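None of the values given here were measured: they were computed from a predicted structure. One-based numbering, in listed order, for ligands and for the atoms of each.
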Amino acid sequence: MTTPYSIAYTILQQCAQLGSYSEESECLTRRFATPPMRQVNAAVTQWMQEAGMSVRQDAIGNIIGRYEADHADAKTFLLGSHLDSVRDAGKYDGPLGVLTAIACVRLLHERQQRLPFAIEVFGFADEEGLRYHVPYLGSQAVAGVLAPHHLDQPDVDGITMREAIRTFGGDPDTLATCVRDKSDLLGYCEVHIEQGPVLEKSDIPVGVVTAIIGQRRMNVTFTGEAGHAGTVPMNLRHDALTAASIFIVLVEQKAQQHAGLVATIGQISVYPGASNVIPGKVTLSLDVRHADDDQLEQVCQQFEQMAREMAKKRQVAVTWQQVQQHGSIRCDHHLLDLLQRAIEQQGQRVIALPSGAGHDAAIMNHLTPMAMLFVRCYKGISHNPLESVKVEDVAVALSVLERFLLSLAQEQRTA
Ligand code: GLV
Ligand code: MN
Ligand code: MN
């Protein structure tokens, strides 16, 4: 007999299967438009079809399943999350949301139940931004906010985003076709692991998200002069790495002193990158987040000023490029309310919390009201292979999502 528990068990098995599709044999790394993404899309296509959905892959590589409504000209409700990963990732960040959504549709399909709205499940092709240092490529394309100049961006191997999309089977020249018409949309809901410790500390399996805090991502490049490690005296060097290193420490100090601020430098490249060559160029990523948009803006200006002062002092050049930004985004009150009631009906205590992590929901908010359901994860660990969820918690999330869709359906019928 299928129970929420047995379906949740299948969801975790599917997460494990997707977790085996990786660019690196020792760990899970799945960047945008790579061969393992193709394997993921093939598996997800099959599971969507088994759940009674028609499936298509759009021009950027998102995979989209559609379950029709009980009548023609009905509106559509969107579910989804992302299928790419960070480097050395866990198995649940992203896929859990896509697979829970598919399982929920499958439940309806097995009961031959149609709702007064269609459901579309999105498996976004990129949310983490690992390959091109630009996050949310999939949902940005769907929301129509992806800046075309990103297509010329090369990855670490010099492959431009345009070439990568084409090789993947997409079409960089027709990304406008990815844009979802918003006129028939009712909303978007994303299930995601919490990626923090609040639910575990409160001993609660799921929680609703109140808002997604604002974030900015920058690429910062320090350019000095490469030279011979043995011949250039210390006082005549223009070492890009030492300048960058001081900047990195200053960023950490500033963030530690500023309440609510988090700032991370997680990627750094040193050119030309040899032990006997003075570093001539360093590029680094800078990720800055704060719940207050004005403070976020101010701090980013201060960081830029710090980088410029540091470059001047060390006689190197600096360029500052903002690659992505969004302010804090509140989840939709009404959808939140429906989710909270679904949690109560499930016999659980309701806890509401903000998300420090970014999510596709923040971008889908350009198109339609959005809400998110968080699932407790082990010690709040995420972006780490130790990421883990309990099958019982996934079963609760599945039942809550189902109740949520059914109460939305009831509302539509009586509207
Ligand atoms: C997505 O994982 C993020 O960076 O918040
Ligand atoms: Mn992530
Ligand atoms: Mn995620």
Chemist: Any idea which atoms of ligand 1 are less than 4.0 Å away from a heavy-atom of Glu128?
Modeler: 1 (C), 2 (O)
Chemist: Is the shortest N/O to N/O distance between Gly358 and ligand 1 below 3.5 Å?
Modeler: yes
Chemist: Consider only side-chain N and O atoms of Glu190 and Ser81, and report whether a donor and an acceptor are under 3.5 Å apart.
Modeler: yes
Chemist: With a cut-off of under 6.0 Å to the ring centre and 45° to the axis, is Arg114 in cation-pi contact with Tyr67?
Modeler: yes
Chemist: Rounded to the nearest 10°, what angle sits at the Mn ion (ligand 2) between OE2 of Glu128 and OD2 of Asp93?
Modeler: 90°
Chemist: Using a heavy-atom cut-off of under 4.0 Å, does the side chain or the backbone of Gln324 touch ligand 1, or both, or neither?
Modeler: neither
Chemist: Just checking, is any N or O donor in the side chain of Gln257 or Gln253 under 3.5 Å from an acceptor N or O on the other one?
Modeler: no
Chemist: Give me the ring orientation class for His326 and Tyr136: parallel if the planes are under 30° apart, tilted from 30 to 60°, perpendicular past 60°.
Modeler: tilted
Chemist: Can you tell me if Gln301 and Glu297 form a side-chain donor-acceptor pair at under 3.5 Å?
Modeler: yes
Chemist: Less than 4.0 Å is my threshold; does some heavy atom of Glu127 fall inside it relative to ligand 1?
Modeler: yes
Chemist: Purely on distance, is any nitrogen or oxygen of Gln215 under 3.5 Å from one on ligand 1?
Modeler: no
Chemist: Is there a donor in the side chain of Asp126 and an acceptor in the side chain of His82, or the other way round, less than 3.5 Å apart?
Modeler: no
Chemist: Against heavy atoms of Ala357, which atoms of ligand 1 measure under 4.0 Å?
Modeler: 5 (O)
Chemist: Tell me if the centroids of the rings in Phe374 and His359 come within less than 6.0 Å of each other.
Modeler: yes
Chemist: Compute the shortest N/O to N/O distance between Gln195 and ligand 1 and return yes if it is under 3.5 Å, no if not.
Modeler: no
Chemist: With a cut-off of 2.8 Å, does any N, O or S atom of His82 fall short of it relative to the Mn ion (ligand 3)?
Modeler: yes
Chemist: Which residue and non-hydrogen atom of the protein lie closest to atom 3 (C) of ligand 1, and at what distance in Å?
Modeler: Arg289 NH2, 3.3 Å
Chemist: Show the atoms of ligand 1 that are less than 4.0 angstrom away from any heavy atom in Arg217.
Modeler: 3 (C), 4 (O)
Chemist: Report yes if Asp287 has an N/O atom closer than 3.5 Å to an N/O atom of ligand 1; otherwise report no.
Modeler: no
Chemist: Which heavy-atom pair separates Pro116 from Arg413 by the least distance, and what is that distance?
Modeler: CD-NH2, 3.4 Å
